[in-house]
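Residue numbers begin at 1 in each chain, while the letters A, B, ... track the order of the sequences.
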Protein chains: 2
Amino acid sequence: MTRKSEDTSRSTIRDVAARAGVSASTVSRVLGGVYPVSATTRTRVLRAVREMDYVADARAKAIAGVGTPTLAFVLEDITGPSFALMAHGVEREATRLGHLCLVCSTEGDARHEVEFVEMMRAQRAAAVILVGGGADTVEYRDRTRRMADSLASAGSRLVLCGRPPLGPGAPVTVIEYDNEGGAYALVAHVLAQGHHRVLFLGGKPDHTTAQGRERGYLAAHRARGLEPDPELVLHGDFTRDSGHRLMRQVLERGLEFTAVVAATDMVAAGALTALHEAGLSVPDDVSLAGYDDIPFARDLHPALTTVHVPYEELGRLAVRTALGREPNTPDEHLLLGTHVVVRNSVAAVEEAAA
Amino acid sequence: MTRKSEDTSRSTIRDVAARAGVSASTVSRVLGGVYPVSATTRTRVLRAVREMDYVADARAKAIAGVGTPTLAFVLEDITGPSFALMAHGVEREATRLGHLCLVCSTEGDARHEVEFVEMMRAQRAAAVILVGGGADTVEYRDRTRRMADSLASAGSRLVLCGRPPLGPGAPVTVIEYDNEGGAYALVAHVLAQGHHRVLFLGGKPDHTTAQGRERGYLAAHRARGLEPDPELVLHGDFTRDSGHRLMRQVLERGLEFTAVVAATDMVAAGALTALHEAGLSVPDDVSLAGYDDIPFARDLHPALTTVHVPYEELGRLAVRTALGREPNTPDEHLLLGTHVVVRNSVAAVEEAAA
DNA sequence: GTGAAAGCGCTAACAT
DNA sequence: ATGTTAGCGCTTTCAC
């Protein structure tokens with residue numbers, strides 16, 4: 001059994017110094033690394049350190065100017081697959097760069113968000129990464145702008161990841177991906193299979209991510225000279241339950257369509273089981289596509305055609321650029337590409353039936 | 001536009017004091033809360049604070065004895081649905097209790113794990129929660145015991161969440177759930193549907209979670225006087241790919257079975273698509289069950305029968321008990337129940353066919 | 001090579 | 001009610 005010091009209170013550098021018969025500065029020096037210290041003193045100190053199982057208080061070091069930098073990550077709900085993917089990217093890159101990683105869930109509450117940002121500022125986080133879409137209201141811009149300024153004035157930096165950008169001049173970094181482009185490509189693909197009435201299961205009308213995807217849906221139609229029936233675009237949120245509910249209602253109402261494009265793989269999953277519950281077969285009776293390419297998409301049955309979003313990369317990039325910038329650099333904007341991944345959930349329409 | 005202080009370096013309490021024409025202690029007092037301060041001074045100070053957008057350095061406060069406590073959460077990969085669920089529980093409860101929440105991914109590397117724990121000790125984290133199963137080797141016990149002692153001697157506490165417990169006397173809290181019981185109930189349910197040859201897609205043979213589930217599988221058989229064919233229990237890991245690969249191999253080998261129980265919903269998902277790819281129907285041709293009850297289980301087709309594990313509760317409990325205990329309390333052991341949730345993926349065997 | 005002393009940003013005990 | 005001083009645990013001049 002390893003012997004441990006029995007004293008309940010953690011030992012300080014002075015305790016170690018005392019036990020080694022040297023001064024605190026000396027202990028600091030041998031622990032610090034490459035400062036000239038005599039071999040024998042070094043050994044004595046190291047032994048004391050080992051015997052007392054001493055670890056320097058990181059907060060004290062931080063305050064003295066040599067701490068491990070910290071990076072904060074605030075999102076809505078770690079449980080969402082795409083959030084989790086980003087979180088993973090952030091976390092990996094942060095530890096690769098030797099940063100600690102604080103995480104907070106807002107549960108979708110904007111008040112929590114600003115509270116967290118305030119805390120992170122108090123923690124002197126090197127950067128705080130805000131993740132997940134939302135409404136682009138003036139209230140949002142003001143609030144976020146305020147956070148950005150306040151962080152910047154404290155030598156930190158705000159990163160918006162998949163979020164509405166602020167106006168020019170704000171000290172933020174925004175990393176986005178091409179919502180509209182992905183939706184455009186996806187819907188073009190569906191249309192190319194001969195579908196004419198494709199249902200769109202969208203998100204909240206004021207949510208910018210939802211808007212981008214909806215724009216893509218519309219644009220793809222118009223590029224073919226089609227004007228989609230307004231009845232076909234529905235609004236809900238990005239959850240599985242929303243997809244399920246919406247799909248059910250549509251089925252009850254007897255709306256006509258041969259394909260459905262969901263704003264999210266989660267929505268698609270809910271819609272899929274609603275379809276199944278109604279005895280419909282995908283893609284034989286109706287085609288279905290999603291958005292996000294979460295890992296589970298390929299294990300749905302049929303495997304879901306969707307658009308891939310490089311979420312993990314997004315997270316990695318967020319920390320890399322945030323940490324690379326000078327705090328007060330004005331707005332910077334990265335846009336990552338998306339691409340559709342074709343699996344088995346959308347089929348060509350039977351021309352005979354038409 | 002809100003005016004902000006232009007000075008790039010964050011302001012200190014003394015700067016605020018200077019601007020308000022008072023002493024630092026006074027600023028500290030008005031910010032601190034309920035200490036008697038004259039109304040006019042208070043206003044002056046608050047104005048200065050606002051004008052400078054001042055926030056007290058949390059690290060300095062911490063070192064002075066009044067910091068926001070921090071809690072660390074180290075897991076293998078935030079991307080796994082069950083990990084994410086636990087993380088969510090931990091995070092929610094932590095912020096509810098006013099704690100900050102540090103998170104680290106080990107990517108399955110034990111060395112990273114001890115490094116992280118060491119860092120957390122340096123951060124003076126109130127508790128560190130280690131999550132996720134593993135092998136119960138003596139190396140594991142030694143290493144973990146060492147971490148527990150070291151944390152305890154620093155006034156912190158180690159919590160093992162869904163992990164092999166240490167021997168008695170170690171200053172840890174372990175929170176587990178009933179792996180064996182859940183598997184037992186699930187397999188009993190499958191057996192009760194008339195299945196005699198049920199395939200088990202297990203995890204790594206030395207992984208304690210995998211072992212518990214396998215024991216349940218065996219025990220359920222024996223309780224019915226059955227001795228399962230050893231050929232029917234396979235080993236892989238807990239990933240979707242493992243389930244997919246294993247299922248494929250089994251199908252190629254032409255093994256006979258009417259039901260498969262996967263050690264994990266992820267494994268089940270992989271197995272399900274392999275089954276589908278082979279043109280088999282679930283549950284008409286073969287029944288399938290999983291374990292974990294991740295949110296996606298009900299959107300698989302057919303909806304997956306599985307055993308529910310209260311992961312989120314697990315996380316919440318982990319922080320609650322960790323924070324409630326005195327640091328040096330010896331081992332404490334909580335065991336949460338599991339229960340099977342019946343959906344549509346296991347059917348009764350056709351007695352006619354037999 | 002090593003110690004004493006000052007300083008990091010804050011709070012708290014002690015004065016007044 | 002407010003200022004002064006000491007102290008939290010550490011690093012870093014500045015002496016010797």
* Drop me the distance from B:L314's CG to B:I175's CD1, to the nearest 0.5 angstrom. =>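 B:L314 atom CG to B:I175 atom CD1 measures 6.5 Å (nearest 0.5 Å).
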Less than 4.0 angstrom between a side-chain N/O of [X] and OP1 or OP2 of [N], yes or no?
{"X": "B:T26", "N": "D:dT2", "value": "no"}
{"X": "B:S38", "N": "D:dT2", "value": "yes"}
{"X": "A:S23", "N": "C:dT2", "value": "no"}

* Between D:dT4, C:dT2, C:dG3, spot the one nearest the side chain of A:V37, thanks. =>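 The answer is C:dT2.
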* **A:H333 side chain to A:E176 side chain, donor-acceptor N/O pair below 3.5 angstrom** => yes
* **Audit row: A:T173, A:R157, side-chain hydrogen bond (donor to acceptor under 3.5 Å, both in side chains) steps and yes/no** => CA-CA 8 Å; A:T173 301; A:R157 185 158 187 92; 2.8 Å; yes
Flag the pair [X] and [Y] as a salt bridge only when some basic side-chain nitrogen lies within less than 4.0 angstrom of an acidic carboxylate oxygen.
{"X": "A:R143", "Y": "A:E139", "answer": "yes"}
{"X": "B:E113", "Y": "B:R163", "answer": "yes"}
{"X": "A:R92", "Y": "B:D77", "answer": "no"}

* Asked: Where along nucleotides 6-16 of chain C does protein come under 4.0 Å, by heavy atom, of base (B) or sugar-phosphate alone (S), with - for untouched nucleotides?
  -> --BBBSBB---
